[in-house]
Amino acid sequence: MTSGPEHLERDFPMHVSVSEAREMLAALLPQRQTEMVVAKEALGRTLAADLAALVSHPSATESALDGIACRAADTQSVPSELRVVGESRAGVPFAGEVGTGECVRIYTGAPLPRGADAICPVEKLEEIDSARVRLLSPASTGDVRHEGGDFRAGEVVMQAGTWLSAPRLALATALGHAQLPVYQRLRVALLSTGDEVVEAGQPLQAGQVYDSNSVGLSAMLQEAGCEVLPLGHAPDQPEQLAQILAGAGGADVLLSSGGVSMGKYDFMRDLLLEGGKVSFWKVRMRPGGPAILGGWRGLPVFGLPGNPVSSLVVFHVIVRPALTGQPVQTLKLRAGTPFRSLPDKTAFWRANLVGGVVHDYGQQGSGILRSLSEAGALVVVPEGQRVQVGDDVDVILL
Ligand code: AMP
Ligand code: MG
């Protein structure tokens, strides 16, 4: 007769796929209100409405280079000579018009004067005297940036649901938005578990390990635009664990690490299986298989495995996409070494990226912490597949 947690009477699925796990977590998260925040403070947040450009960019037709602005037709025979009649610089346009045989000195971002349609860069100019220049190649209309060539006033440029990376914040600002409509931050309570887990800065006894998960996961949550409510660390003691969970009031979801696999002292698992409500236990992935999703007194709880490698991979492929609504970004790259997976588990191999080719990092044990920062990529091998050298594989950049 078998016993143990795998054989409990249960009304929840076990061994769900990675995408099922992601969808089930997303479904437990609350609908969020929207708010306006200044753009500088919106890093990692998600846009709650489409953003239209309030202005055109460029706001006027301008030069892409430092040089002279003139009429292209005047410069077709090489070399040609033009009379300098003025200057247009960024923020201070030339007020007049450029006539035949004339040019104005112009600088990057400066408005193109009336009459001119082309630019000759400074590298292709010779100064004859202070009022005349010789052009060593024809002026080009291609070095003119046209008004609205990037975006036009009124055009919807960013869509609701966009996750705000640094370049996207810059774009939103260029569109003219000083404040951005975003979803309120998810409030994520974060807890480490384990009698052996010790806060860094303390002396470490043999058999103990520093609490790297609370630091790594907190940083990843902040990157994902969440507000982190640190609950610290719980010992492997069910009553204390329950007490600490009770202190997570106000959180939208609790993320824990450790205590969810098959061991006798894995009390986060027991708490959810026996006293809580479980959505699933175990995901068909490696590393990261023991993850559990459930609820404790109405609070959604996602239990990550304690191994930092496992928790990082689960965070990448399940938690972050569920929290941000952004799909996992993968790209196809060539395999430089073989990769494989078990018949019933998607494998995530830590890999090095060398010249667009991915190579097995080497040690794939989920206790090899240095692999997290040294490997640049995860190679995704779907259940029951073998990848040969030269095959294309899906890769997640870390
Ligand atoms: P567990 O999932 O609780 O069985 O833990 C699996 C492994 O991860 C053990 O070797 C733990 O010592 C280690 N571990 C658990 N929690 C942490 C943590 N917060 N930081 C670093 N390592 C951890
Ligand atoms: Mg543990």
Side-chain angles (χ1 to χ4, degrees), residues 4-6 14-15 21 188-222 226 228-245 247-248 251 253-274 276 278 280-294 296 301-320 345 348 350 363-375 398:
E6 283 234 310
M14 292 196 57
H15 305 287
V188 183
L190 183 60
L191 177 67
S192 294
T193 71
D195 284 342
E196 79 288 23
V197 172
V198 173
E199 193 178 341
Q202 315 288 323
L204 196 78
Q205 312 296 325
Q208 295 184 324
V209 63
Y210 284 127
D211 184 1
S212 56
N213 283 350
S214 65
V215 174
L217 291 169
S218 172
M220 291 195 289
L221 285 167
Q222 285 174 51
C226 299
V228 180
L229 311 177
L231 294 185
H233 164 250
D236 290 321
Q237 220 282 330
E239 290 77 25
Q240 284 198 46
L241 190 57
Q243 219 167 37
I244 291 172
L245 289 196
V253 58
L254 182 138
L255 198 61
S256 67
S257 74
V260 296
S261 48
M262 298 299 291
K264 177 176 171 193
Y265 298 96
D266 286 335
F267 291 121
M268 181 58 87
R269 170 206 68 201
D270 285 353
L271 211 70
L272 294 175
L273 289 179
E274 292 163 12
V278 177
F280 69 77
W281 183 30
K282 301 199 176 184
V283 185
R284 297 199 306 275
M285 64 187 291
R286 190 177 199 171
I292 190 168
L293 175 66
W296 177 257
V301 176
F302 192 94
L304 297 162
N307 269 307
V309 171
S310 312
S311 62
L312 171 119
V313 172
V314 175
F315 190 92
H316 256 279
V317 302
I318 296 175
V319 180
R320 180 174 22 220
K345 284 188 167 58
F348 297 91
R350 273 137 291 142
Q363 297 198 67
Q364 294 291 337
S366 49
I368 304 298
L369 301 200
R370 54 196 294 178
S371 69
L372 291 182
S373 58
E374 291 177 357
L398 289 176

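Just follow the structure's listing: the first ligand is 1, and inside any ligand the first atom is 1. Residue indices begin at 1 and follow the sequence shown.
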Who are the side chain to side chain contact (heavy atoms under 4.5 Å, CB included) partners of Ala219, not counting sequence neighbours? none
Atom pairs and distances, donor-acceptor, side-chain atoms in residues 201-209, under 3.5 Å, two or more places apart:
unit_1: Gln208; atom_1: OE1; unit_2: Gln205; atom_2: N; d: 2.8

Here the salt bridge (Lys or Arg N to Asp or Glu O under 4.0 Å) pairs for residues 363-374, sequence neighbours left out, are Arg370-Glu374
Short N or O separations between ligand 1 and the protein, below 3.5 Å:
unit_1: ligand 1; atom_1: 2 (O); unit_2: Gly306; atom_2: N; d: 2.8
unit_1: ligand 1; atom_1: 3 (O); unit_2: Gly259; atom_2: N; d: 2.9
unit_1: ligand 1; atom_1: 8 (O); unit_2: Gly306; atom_2: O; d: 3.4
unit_1: ligand 1; atom_1: 8 (O); unit_2: Asn307; atom_2: N; d: 3.1
unit_1: ligand 1; atom_1: 12 (O); unit_2: Glu196; atom_2: OE2; d: 2.5
unit_1: ligand 1; atom_1: 14 (N); unit_2: Gly306; atom_2: O; d: 3.4
unit_1: ligand 1; atom_1: 19 (N); unit_2: Asp211; atom_2: OD1; d: 2.8
unit_1: ligand 1; atom_1: 19 (N); unit_2: Asn213; atom_2: ND2; d: 3.4
unit_1: ligand 1; atom_1: 20 (N); unit_2: Tyr210; atom_2: O; d: 3.4
unit_1: ligand 1; atom_1: 20 (N); unit_2: Ser212; atom_2: N; d: 3.2
unit_1: ligand 1; atom_1: 20 (N); unit_2: Asn213; atom_2: N; d: 3.4

Least distance between heavy atoms, Val313 atom then Pro287 atom: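 Of all heavy-atom pairs spanning Val313 and Pro287, the closest is CG2-CG, 4.0 Å.
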What residue among Val188, Leu231, Ile244 forms side-chain contact (heavy atoms from CB on, under 4.5 Å) with Leu254? Leu231
Close side-chain approach of Asp195 to Pro235, heavy-atom, < 4.5 Å: yes
